Trainee: 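Just dropping this structure here.
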Amino acid sequence: MNTYVTGATIKQLRESRNLTQTELADRIGVSSKTVSKWETAKGLPDIGLLQPLAQALGISLIELMNGEHIVNKNISANMLRSQFYVCPVCGNILHTLGKAVVSCCGITLPALEAEEADTDHTITVENVEDEHFITVHHPMAKQHFISFLAFVTSDRIQMVKFYPEGNAQTRLQLRGMGHLYYYCNRHGLFRKRYKNNIKKASA
Ligand SMILES: [Fe+2]
């Protein structure tokens, strides 16, 4: 956890729930003056009050700490709203179907913003029998490599993990229309739209 709850977050959450300072104070057993102090940055809630405070505001503790309350309108969890998160410490890869507050190794991870493929991170897809042979043209050195590739359509994800000193190549069946995502540990997430009726595509 790299942040602590702020007064602005408490105020904003309290007001969005139509609670008065007194009502919030009553729910967690403090005085309204205490809540007022928190909201005006004249004090911070004791760590032991964070869980009751989160509960009173109807959010998770991690959301309270980050000041980010996630409400997904994407209630059908459409795969096309996929988000990827990569932990810079351990390399963990997380995938969600909508926005989330994701934490790993004590760090709150931002959702990676995918860029269009650039000249140093190109990808080619070739038809091989009934499959597709996919190559990310990029070094696979220990310090700079492609960590994973994923093909995401509206109803499925296929993910392949790559390792340094290996090849950034794989065979997959790419059905329908979707996006190929691939992640460079130095340059971030790249994305290329792919439609199966294209015999050969190159970025
Ligand atoms: Fe790179």
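Hydrogens, waters and symmetry mates are skipped; everything else that's a heavy atom, side chains included, is used. Whatever order the structure lists ligands and atoms in, that order sets their numbers, starting from 1. Keep in mind the model is a prediction, meaning the values are calculated, not measured.
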Trainee: For V128, which fellow cluster members are found when Ile, Leu, Val, Met, Phe, Trp and Tyr are connected by side-chain heavy-atom distances below 4.5 angstrom, either directly or through intermediates?
Mentor: F133
Trainee: Under 2.8 Å from the Fe ion (ligand 1), which protein atoms of type N, O or S occur, listed by chain and number?
Mentor: H121 NE2, H138 NE2, H144 NE2, C184 SG, H187 ND1
Trainee: Assess the pair H138 and Y182: is the distance between their ring centroids shorter than 6.0 Å?
Mentor: no
Trainee: For Q173, is the CD atom crowded, meaning more than 12 foreign heavy atoms sit under 6.0 Å from it?
Mentor: yes
Trainee: For the residue pair E39 and S36, confirm or rule out a side-chain donor-acceptor distance under 3.5 Å.
Mentor: no
Trainee: Checking side chain to side chain contact (heavy atoms under 4.5 Å, CB included) for the pair E116/F190: CA distance, chi angles, key distance, verdict?
Mentor: CA-CA 6 Å; E116 294 305 310; F190 293 89; over 6 Å; no
Trainee: Does the gap between the ring centers of Y181 and F84 come in under 6.0 Å?
Mentor: yes
